[in-house]
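Proteins come first, then strands; the chains are lettered A, B, ... in the order of their sequence lines, and each starts at number 1.
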Protein chains: 2
Amino acid sequence: MTGVPEPAVPDGDGRRPPSVRPRTVPGRRRAEIAEAAARFFAEHGYHTVGMREIAEAVGMRGASLYNHFSSKEEILYAIALAMTEVPVEQHIPLLDAEGSPADRLAALLRAHIRHLADHRVEHLVGLRELAALTPEHRAVITDHRRYYQRRVRDVVAAGVRAGQFAVDSPGRAAVAVLDMVNGISWWLRPDTDVDELVETYLGLALDGVLQHAREDRA
Amino acid sequence: MTGVPEPAVPDGDGRRPPSVRPRTVPGRRRAEIAEAAARFFAEHGYHTVGMREIAEAVGMRGASLYNHFSSKEEILYAIALAMTEVPVEQHIPLLDAEGSPADRLAALLRAHIRHLADHRVEHLVGLRELAALTPEHRAVITDHRRYYQRRVRDVVAAGVRAGQFAVDSPGRAAVAVLDMVNGISWWLRPDTDVDELVETYLGLALDGVLQHAREDRA
DNA sequence: GTCTATATTTCGATAGAC
DNA sequence: GTCTATCGAAATATAGAC
């Protein structure tokens, strides 16, 4: 599509493929609870939402929640974890597939934005409520994020080497692109045309941010 | 600098110059309290920080804070308000000054990023803790944000008309640029070189996002 | 304007029956 | 696995002396 030489090997060095541990939200009831909680957390903030409120939304009493989660923080952790585990497990392999750096990054961003749009509230909660997690849980989440970000940086650098991208600092550009797309979760509306959104942001990222080197500017 | 025709009149229609009301953080003591509170809110989250904690940081007891703020939420409101009033009052006029759309937007983004870097924690709190505000206070903040965003959209549109920018949707592009630069407050470090940061992001925005139309891409 | 002391409310979590 | 009942802790905010 963009017609440029492509490296057959992964551009990331692949160190520390994050040790993906616990299952995320298994069990029908757990998933229901986490989903309802995410809606409330997104709208009112983690700390203002009570266990009784979450329980009522799924048709049970507050105490019964403790048969599914050991604490309120565990609910938040399950939500935040799903929003980083899925991208790492399902989107990062797209960077290791065949194709040019630009094509592989396009595939990742497409999946990323779709996932974000399909789980807008969970994504927002995972971004905003990091401070409410225990230090241990927060470390797991931020490790995933850092790994994801590093892999994006690596494919950007590969694109620069392949002549597909023109950026001074692949790290800065990767952060800028991810901040830009993650910003979507703050304002996305249910009636937004996701197909159009995805293609617009692909253009903004691949043909915009990642092509920002121009000669006629100091 | 970028050498392009410039409209002598503002591109924004100027409707609803936001009625800037209450003074923000007047009084030495108020400013001290708000500053300390912002640090704690940014690090631990609004709801996990107690009035006693804030009070201790400024050398008084919890009850004494109520001589300066009528509630904890008022402290948060003062912080959030300062982060939207200053940009509206001091940055928006840069859009009404002389110069091409690109030059005027560059001036605004420069001021925006510097302000953000100078008040990183307050900016982060203002972005993240909106849900903790009363509906009335939240409405004030979001009105400011919407106005600011609309003025950026208008200057982007003016730049498109002047042939300086190439974007399909000025509204989308404006949101993308603002999300990108506001994302800085999540990861900025005290030792970051702000001058370099500002120029990098100006390039990412003006020469990147706002130039994303390319012919060789579907 | 700051203090001590405390009122009042709310919430996360547990105990134990069924 | 869900319920009722409740514990215990923590927090905001207030009262009133100085």
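In this structure, B:K72 forms a cation-pi arrangement with B:Y46, its terminal cationic atom sitting closer than 6.0 Å to the ring centre and no more than 45° off the ring axis.
A close approach under 4.0 Å does occur between a side-chain nitrogen or oxygen of B:S64 and OP1 or OP2 of C:dC3. Put simply, A:R61 has a side-chain N or O that comes within less than 4.0 Å of OP1 or OP2 on D:dT4.
The residue A:V49 sits close only to the backbone: its heavy atoms come under 4.0 Å of sugar-phosphate atoms, none of a base.
Remark: A:D207 CG to A:F165 CZ distance equals 9.0 Å, nearest 0.5 Å.
B:F69 has its CZ atom 15 Å from the C1' atom of C:dG1, to the nearest Å. For B:H44 and D:dA11, the NE2 to P distance is 13 Å, given to the nearest whole Å. Rounded to an integer number of Å, the gap from A:I54 CD1 to C:dA13 P is 10 Å. B:H47 places its NE2 atom 14 Å from the C1' atom of D:dA10, with the value rounded to the nearest Å. Rounded to an integer number of Å, the gap from CD1 of B:I33 to C1' of C:dG1 is 11 Å. One atom, CG of A:L65, and another, P of C:dA15, lie 17 Å apart when rounded to the nearest Å. Counting to the nearest Å, the C1' atom of C:dA13 and the NE2 atom of A:H68 are 16 Å from each other. At whole-Å resolution of the value, CD in B:E53 and C1' in D:dA11 are 12 Å apart.
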Using a cutoff of under 3.5 Å, can you pull out all pairs of nitrogen or oxygen atoms linking the protein to nucleotides 13-18 of chain D, with atom names and distances?
unit_1	atom_1	unit_2	atom_2	d
D:dA13	OP2	B:Y66	OH	3.0
D:dA13	OP2	B:K72	N	3.0

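Partner of B:T84 under the side chain to side chain donor-acceptor pair (under 3.5 Å) criterion, out of B:H144, B:E89, B:R145: B:H144 alone.
For the pair B:R104 and B:E98, the tightest heavy-atom approach, listed with the atom from each and the gap, is CG-O, 3.7 Å.
The existence of a salt bridge linking B:R138 and B:D143 is excluded, since no basic side-chain nitrogen approaches an acidic carboxylate oxygen closer than 4.0 Å. A salt bridge is defined here as a Lys NZ or Arg NE, NH1 or NH2 lying under 4.0 Å from an Asp or Glu carboxylate O, and B:R151 with B:D96 meets this definition.
Counted within 6.0 Å of CD on B:E43, heavy atoms from surrounding residues, nucleotides or ligands total 12 or fewer; the atom is thus considered open.
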